[in-house]
Amino acid sequence: MTFDYNTDINGRDMDRKSVEWLGSSRSDLLGMPQPVVKQFGFELGLVQNGLIPEGAIHLSHVENGVWELRENHKGDTYRVVHLLRHEDTIFVLHCFKKKSTSGKAVPKADTETIAARLTEAKARIAARRKQKGE
């Protein structure tokens with residue numbers, strides 16, 4: 001039996017979104033341990049097909065449409081923050097290993113990176129809408 005990643009379990013076509021990696025997010029992800037990369041790859045595949053992975057966290061305090069994926073590996077926590085705003089694109093804003101010693105808080109440098117890349121994603125969305133005449 002073969003599996004087509006563009007169909008669901010019942011064989012229906014899925015509307016697969018493209019992924020845009022902002023800044024160093026792609027290379028940052030690929031620099032993580034292989035089991036973490038595989039898990040985030042699987043979860044981003046779900047997101048591409050309009051599904052929300054189990055354990056995904058909506059970061060509404062950052063902005064509506066911003067989500068975080070988390071994975072623990074050998075005592076470390078890794079995160080992928082992405083934006084589900086544009087109808088056909090997922091913007092991966094930041095991929096990082098959490099280094100904060102203050103509980104669940106995201107370190108300031110990572111928060112600033114997410115904010116800057118969110119601004120970049122919004123600019124790209126606005127440019128596309130302008131180009132389409134929306």
Side-chain angles (χ1 to χ4, degrees):
M1 177 178 192
T2 60
F3 183 74
D4 180 356
Y5 289 97
N6 294 317
T7 60
D8 69 10
I9 197 164
N10 296 314
R12 295 179 296 234
D13 287 337
M14 297 184 81
D15 185 21
R16 190 168 182 90
K17 296 182 180 195
S18 64
V19 175
E20 282 193 37
W21 303 87
L22 300 182
S24 62
S25 60
R26 186 170 192 271
S27 61
D28 293 340
L29 175 65
L30 295 175
M32 294 178 182
Q34 193 60 34
V36 174
V37 174
K38 288 177 90 172
Q39 183 61 30
F40 282 146
F42 173 76
E43 290 179 0
L44 286 170
L46 293 175
V47 173
Q48 281 184 278
N49 286 301
L51 304 171
I52 297 173
E54 186 177 328
I57 299 167
H58 186 218
L59 302 178
S60 58
H61 66 281
V62 174
E63 178 142 338
N64 190 32
V66 176
W67 288 79
E68 179 181 71
L69 306 174
R70 294 181 181 180
E71 183 65 21
N72 294 315
H73 179 72
K74 295 188 176 181
D76 292 319
T77 300
Y78 298 87
R79 297 182 181 191
V80 170
V81 178
H82 63 280
L83 172 67
L84 293 175
R85 170 70 57 84
H86 199 260
E87 53 274 348
D88 63 354
T89 306
I90 296 158
F91 293 92
V92 178
L93 304 176
H94 192 35
C95 301
F96 62 102
K97 176 180 172 182
K98 184 182 169 299
K99 297 175 185 166
S100 174
T101 57
S102 59
K104 294 182 181 182
V106 175
K108 184 178 179 185
D110 292 307
T111 301
E112 290 170 351
T113 298
I114 292 165
R117 291 180 183 166
L118 179 58
T119 300
E120 181 184 347
K122 287 179 184 179
R124 288 184 185 193
I125 292 167
R128 287 178 189 163
R129 286 184 176 150
K130 185 176 180 182
Q131 191 176 34
K132 285 183 178 179
E134 292 180 18

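In this structure, the side chains of Gln48 and Ile90 come closer than 4.5 Å at one or more pairs of heavy atoms. Contact of the Val37 side chain with the Leu30 side chain is registered, since non-hydrogen atoms from C-beta on lie closer than 4.5 Å. For the pair Phe91/Arg117, no side-chain contact is recorded, criterion being any heavy-atom separation below 4.5 Å from C-beta on. Ile57 has its side chain within reach of Glu68: a pair of non-hydrogen atoms, C-beta onward, lies under 4.5 Å apart. Contact of the Lys98 side chain with the Val106 side chain is not registered, since no non-hydrogen atoms from C-beta on lie closer than 4.5 Å. The shortest distance between side-chain heavy atoms of Ile52 and Trp67 falls below 4.5 Å. The shortest distance between side-chain heavy atoms of Tyr78 and His73 falls below 4.5 Å. Counting heavy atoms from C-beta outward, His82 and Val47 have side chains that approach closer than 4.5 Å.
Nearest heavy atom pair, residue Asn64 against residue Leu83, reads O-CD1, 4.4 Å. In terms of heavy atoms, Leu118 sits closest to Val66 at CD1-CG2, 4.1 Å. The shortest heavy-atom contact between Val92 and Ser25 is O-OG, 3.3 Å. The shortest heavy-atom contact between Asp28 and Cys95 is CB-O, 3.4 Å.
A salt bridge between Asp76 and Lys97 is present, with a side-chain N of the basic residue lying under 4.0 Å from a carboxylate O of the acidic one. Using a 4.0 Å cut-off between a side-chain N of Lys or Arg and a carboxylate O of Asp or Glu, Lys122 and Glu120 do not qualify as a salt bridge. The pair Arg79-Glu71 fails the salt-bridge criterion, with no side-chain N (NZ, NE, NH1 or NH2) lying under 4.0 Å from an Asp/Glu carboxylate O.
Between atom OG1 of residue Thr119 and atom CG of residue Leu93 there is a gap of 9.5 Å, rounded to the nearest 0.5 Å. Of the inter-residue distances, the one linking Glu54 atom CD with Leu46 atom CG reads 10.5 Å to the nearest 0.5 angstrom. For the atom pair CD (Glu112) and NE2 (His94), the distance works out to 10.5 Å, reported to the nearest 0.5 Å.
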Is there a side chain to side chain contact (heavy atoms under 4.5 Å, CB included) between Leu29 and Val80 once you walk through the steps?
-> CA-CA 8 Å; Leu29 175 65; Val80 170; 4.2 Å; yes
Step by step, would you call Leu22 with Arg124 a side chain to side chain contact (heavy atoms under 4.5 Å, CB included)?
-> CA-CA 11 Å; Leu22 300 182; Arg124 288 184 185 193; 3.2 Å; yes
